[in-house]
Amino acid sequence: MTRQELTTVDVVVAGGGPNGLMLACELGLAGVRPVVLERLPVRSDQPKANGIIGQVVGLLHQRGLTTAPAPVPAFVFGAMPLHLAGLDGNPLRALGVRQPELEELFERRAVELDAEIRRGHELTGFEQDGEGVTLSVSGPEGPYELRTRYLVGCDGAHSLVRKRSGIGFPGVRAADVVSRTAHVTVPGAVVSPGTVEMDVPGHGTFVLYTWHRTERGAYAMLPAGPGVLSVTSMEWGGEIPGDDEPMTIGELRASLARVLGADLPLGPPTGEGPHLLRRLNGRETRVADRYRAGRVFVAGDAAHVHSAMGAPGLNLGLQDAANLAWKLAAELQGWAPAGLLDTYDAERRPAAERVAMHSSAQLALAAPGPDVTALRELFAELLGDDANRRRFAALLAGSDLPYPTPGDGHPLAGRFLADLPPEPASRARPLLLDRTGELRVRHERVETVTVPSCPAEAVLVRPDGYVAWAGTPDETLTRALETWFGKGVEMTA
């Protein structure tokens, strides 16, 4: 028999991965207590992402979750080196953290903020009406129903929330590319201290932490623990194994030999696992045709999938969560201006489309063939110019596409403000930064903070760290306060 929970909760998040847990944290900071449904009974310890790049690194610092990020001196674009050391205005930040550790960090913070995380509970269906959404859930004690005012799908690329809500998922599939990844040992390999190089007797020196392209494919290597490497090979064309055919280290070794043109010895990993052994057939690039269907929203991989080239996934998904959370809270608390929730789609879908574009371009640049080689020669010339390097760094960081801010032509408008200190940004409140300390405009939901180093006379910052308005205080500031945060503006003498 199905039991029913009579109490209606404000928000249910389907999926307890990094994006769902980040959303729970941000909702908690905004005063909303969400329920997170996660089908896995315990947090996954499977190796996945190894770090985060982009603007969200600065946001995590502002929330007090990480140390202050510094610009990275180098990165990679399409298996081509992107030299950024000493580049003025370099916006690209990175945080080295493995996904299981990141999820543990988010879950701990979400629980501190009073989120309810139900592990072993899987969303199996739902129906929405004008007042809310009724969920069907499979839990450890049997099926039950749960009522919520809003549902957010953070349930991955095969999202049930997206499918059941009628949201389309258009895109393309590159069927001819196969990537293989495994944790392995390389007999005799020596990683030189203080470098990113690995020497293998009889095979030469390999540069770690980056993609390399040959005329036969691409490969990457990085340390995954004491004496253990994570090795990935990528090939285009040729025979593609069936999805039901088990992946082996021998298969990876054969693929890497084809890519390198030499047989590099690979052995099984040492130490305790879990160890990675994975094959991916094909590459999907898709963006949801809308991020909202009534009272149902999608975020993270439920809203977009793309190549991992350039490592944009967590930057994109975590910022979906930060963008949506404060707007949902505003609606639930009754002060959201008209159309505020619709700005989630208007702001985040273009960001996903841009990531889909550049990650596909990077995958194409890593492919074999003389035409691609010629294209890479041209790109190498372009990347020798500081202005182009700065542009590519901004593209990877996600800082090159500001949010639309109607009526505001200030250069800061719609952009992420990376230099906000953890206090007061850790409270995720709207902030009005005042350079002079003499600002006479107040709003009941906006905290005014004197910041002598403010990049403009005054800057209005949204809870997700993006600038809603900047400039000299006048009637445009009053309009911006009401546009984003509702009525409640006061002018003091």
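Position 1 is the first residue of the sequence; numbering continues from there.
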Full working for side-chain contact (heavy atoms from CB on, under 4.5 Å) between Leu328 and Leu27: CA-CA 8 Å; Leu328 272 178; Leu27 286 167; 4.3 Å; yes

Full working for salt bridge (charged side-chain N to carboxylate O under 4.0 Å, His left out) between Asp129 and Arg147: CA-CA 11 Å; Asp129 53 50; Arg147 182 77 172 163; 2.9 Å; yes

From CA spacing to verdict: side-chain contact (heavy atoms from CB on, under 4.5 Å), Val451, Val459: CA-CA 10 Å; Val451 181; Val459 178; over 6 Å; no

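Ring geometry, Tyr150 versus Phe297: the interplanar angle falls from 30° to 60°, so the pair is classed tilted.
Ser359 and Ser307 are not linked by any side-chain donor-acceptor pair at a separation below 3.5 angstrom, with hydrogens and angles left out of the test. Residues Arg295 and Thr148 bring no donor and acceptor atom of their side chains to less than 3.5 Å of each other.
Partners of Asp10 by side-chain hydrogen bond (donor to acceptor under 3.5 Å, both in side chains), not counting sequence neighbours: none found. Residues passing the side chain to side chain contact (heavy atoms under 4.5 Å, CB included) test with Pro73, sequence neighbours excluded: Ala85. With sequence neighbours excluded, no residue forms a salt bridge (Lys or Arg N to Asp or Glu O under 4.0 Å) with Arg415. Judged as a salt bridge (Lys or Arg N to Asp or Glu O under 4.0 Å), and not counting sequence neighbours, Glu272 has no contacts. By the salt bridge (Lys or Arg N to Asp or Glu O under 4.0 Å) test, Glu245 is found to be paired with no residue, residues two or more places apart in sequence or in another chain being considered. Residues meeting the salt bridge (Lys or Arg N to Asp or Glu O under 4.0 Å) test with Glu107, sequence neighbours left out: Arg43, Arg119. Applying the side-chain hydrogen bond (donor to acceptor under 3.5 Å, both in side chains) criterion to Thr124, with sequence neighbours excluded, gives no partner residue. Among residues two or more places apart in sequence or in another chain, the side chain to side chain contact (heavy atoms under 4.5 Å, CB included) test is passed with Glu423 by Ser426, Arg427.
Put simply, OG on Ser165 and CD on Gln128 are 8.0 Å apart, with the number rounded to the nearest 0.5 Å. From Glu284, atom CD reaches atom NE2 of His304 across 15.0 Å, with rounding to the nearest 0.5 Å. Between Leu276 atom CG and Arg180 atom CZ the span is 14.0 Å, to the nearest 0.5 Å.
For the pair Leu314 and Gly51, the tightest heavy-atom approach, listed with the atom from each and the gap, is CD1-O, 3.9 Å. Here the closest heavy-atom approach between residue Arg93 and residue Val72 is recorded as C-CG1, 4.2 Å. When all heavy atoms are compared, the tightest approach of Phe75 to Gly310 is CE2-O, 3.8 Å.
Pro463 places none of its side-chain heavy atoms less than 4.5 Å from the side chain of Trp484. By the 4.5 Å heavy-atom criterion applied to side chains, Leu396 and Leu82 are counted as neighbours.
The closest donor-acceptor contact from the side chain of His443 to the backbone of Glu482 lies at 3.5 Å or more, if one exists at all. Judged by distance alone, the side chain of Arg109 and the main-chain N or O of Cys25 form no donor-acceptor pair under 3.5 Å.
Residue pairs meeting the side-chain hydrogen bond (donor to acceptor under 3.5 Å, both in side chains) criterion with at least one partner in residues 346-356, sequence neighbours excluded, are Asp320-Arg348, Asn323-Glu347, Lys327-Glu347, Asp345-Arg349, Glu347-Arg462, Arg348-Tyr403, Arg354-Asp400. The ring pair (Phe, Tyr, Trp, His ring centres under 6.0 Å) pairs that include a residue from residues 10-66 number zero, where partners must be two or more places apart or lie in different chains. Within the structure, the side-chain hydrogen bond (donor to acceptor under 3.5 Å, both in side chains) test picks out the following pairs touching residues 14-40 (sequence neighbours left out): Glu26-Arg63, Arg33-Asp114.
Dense packing is recorded around CD of Glu112, with more than 12 heavy atoms of other residues, nucleotides or ligands lying under 6.0 Å away. Shown here is Arg173, whose CZ atom has more than 12 heavy atoms of other residues, nucleotides or ligands within 6.0 Å. Counted within 6.0 Å of CD on Glu447, heavy atoms from surrounding residues, nucleotides or ligands total more than 12; the atom is thus considered enclosed.
Aromatic rings from Phe392 and His358 are positioned such that their centres are separated by 6.0 Å or more.
A cation-pi contact links Arg162 to Phe169, judged by a cut-off of 6.0 Å to the six-membered ring centre and 45° from its axis.
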Sequence neighbours excluded and cut-off under 3.5 Å, please list the side-chain donor-acceptor pairs for residues 332-341, or say none.
residue	atom	partner	partner atom	Å
Gln333	OE1	Trp335	NE1	3.2
Gln333	NE2	Ala30	O	2.7

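Screening Leu105, Thr66, Ile52, Leu60 for a side-chain contact (heavy atoms from CB on, under 4.5 Å) involving Val97 leaves a single residue, Ile52.
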